[in-house]
Structure formats: C-alpha cells, structure tokens
Amino acid sequence: MPTSKLENPPEIRRAVPALIALAANVRPDWNESDLQSAIVAAATAGWDWPRVLVEVVRLLVDPDGSPRDLREASRNPLKVSRPPEPGTESRGAELVRRAMSGEEVP
C-alpha cells in the first residue's frame, strides 16, 4: 500500500466486524463465516488490513466475487483469478459511501 505523504497520517483501524456487517448488507448471498475465515486466511498469509479491506470491497462489487476468491488470492497473490471489470473500483467506492451514510444499498 502507498505510504501517506501527510505529516500526521490518519489512523486506519482494523474493523473486521464492521466489514462483515457491510458485506452482509451488500452481498446477502455471502456466508458470514466464510468471509470471516477468508479474512483470517489472508491475515495469516501476511496481508495487512488495508490490503484485505480493498480486496473484500473489490469482491463485494464483483457479481461473481465470493469469500473463496479472497482465500485463493491470499494463497497465490500473483494470480489474478478474474480481472475486475472497468469501473469496479468506482462502483465499489460509491456503494461503500452510500452504505456508510446509512443508505440502503442494493
């Protein structure tokens, strides 16, 4: 992850329960315990929190994404299982902004 150029960069806190709650709202088809174990697998593989967070959000907006993809990516980080569609990051960021503001997201 890029390092901040700010003199006092903001604290980025690990928030697994909040991320799982967001995933449950955005992707009710995902099993929460599958996501929890995939997050643990990624952390065990040495992934830092920002990397886990970005990958989960990317998978949330990928219609074919699943917690299994996070687990696979943490096992083999150089393999791209499915390249994201153009605009995936923008759509993901918008969904997160809407969910964080309390808006119902599809």
Side-chain angles (χ1 to χ4, degrees):
M1 295 280 33
T3 58
S4 176
K5 296 178 183 170
L6 299 174
E7 187 173 314
N8 295 312
E11 178 183 5
I12 298 174
R13 296 181 183 172
R14 186 172 170 81
V16 174
L19 181 58
I20 291 173
L22 174 66
N25 283 299
V26 174
R27 292 292 300 269
D29 58 314
W30 283 15
N31 181 294
E32 291 181 30
S33 62
D34 288 348
L35 179 57
Q36 174 73 39
S37 65
I39 290 171
V40 169
T44 301
W47 287 29
D48 62 5
W49 175 245
R51 185 175 182 187
V52 171
L53 177 61
V54 167
E55 184 63 12
V56 170
V57 170
R58 185 188 74 73
L59 291 169
L60 284 172
V61 298
D62 179 348
D64 297 320
S66 74
R68 187 175 353 169
D69 296 322
L70 175 62
R71 183 181 296 276
E72 180 60 32
S74 67
R75 278 192 208 125
N76 189 356
L78 299 179
K79 177 184 174 196
V80 176
S81 60
R82 205 179 304 110
E85 295 177 24
T88 297
E89 66 281 349
S90 299
R91 288 190 304 276
E94 180 59 27
L95 279 173
V96 169
R97 277 192 288 277
R98 288 172 44 200
M100 297 293 287
S101 70
E103 184 179 333
E104 186 75 24
V105 292

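Shown here for Ala38 and Pro67, the closest heavy-atom pair between the two residues is CB-O, 3.4 Å. Closest heavy-atom contact between Arg27 and Pro63: NH2-O, 3.5 Å. Across Ala23 and Trp30, no two heavy atoms sit closer than the pair CB-CE3, 4.2 Å.
Qualifying side-chain contact (heavy atoms from CB on, under 4.5 Å) partners for Glu32, counting only residues two or more places apart in sequence or in other chains: Ile20, Ala24. Arg98 meets the side-chain contact (heavy atoms from CB on, under 4.5 Å) test with Glu94, Leu95, Glu103, Val105, Pro106; sequence neighbours excluded. Residues satisfying the side-chain contact (heavy atoms from CB on, under 4.5 Å) criterion with Ala15, sequence neighbours excluded, are Ala18, Trp49. With sequence neighbours excluded, the residues satisfying side-chain contact (heavy atoms from CB on, under 4.5 Å) with Ala41 are Arg71, Ser74. Listed by chain and residue number, Thr88 satisfy the side chain to side chain donor-acceptor pair (under 3.5 Å) test with Arg91 (two or more places apart in sequence, or in another chain).
Residue Arg58 holds its CZ atom at 7.0 Å from CG of Asp69, rounded to the nearest 0.5 Å. Taking CZ of Arg68 as the reference point, atom CG of Leu59 lies at 11.5 Å (rounded to 0.5 Å).
When each of Asp48, Val52, Leu53 is tested with Pro50 by the rule side-chain contact (heavy atoms from CB on, under 4.5 Å), just one qualifies, namely Asp48.
Residues Ile39 and Trp47 form no side-chain contact, since every pair of their non-hydrogen atoms from C-beta on lies 4.5 Å or further apart.
Clustering ILVMFWY residues whenever any of their side-chain heavy atoms sit less than 4.5 angstrom apart, transitively, puts Leu22 in the very cluster that holds Met100. Note on Val56: it does not cluster hydrophobically with Val40, by side-chain heavy-atom contacts below 4.5 Å among ILVMFWY residues.
For residues 33-44, no pair satisfies salt bridge (charged side-chain N to carboxylate O under 4.0 Å, His left out), with sequence neighbours left out.
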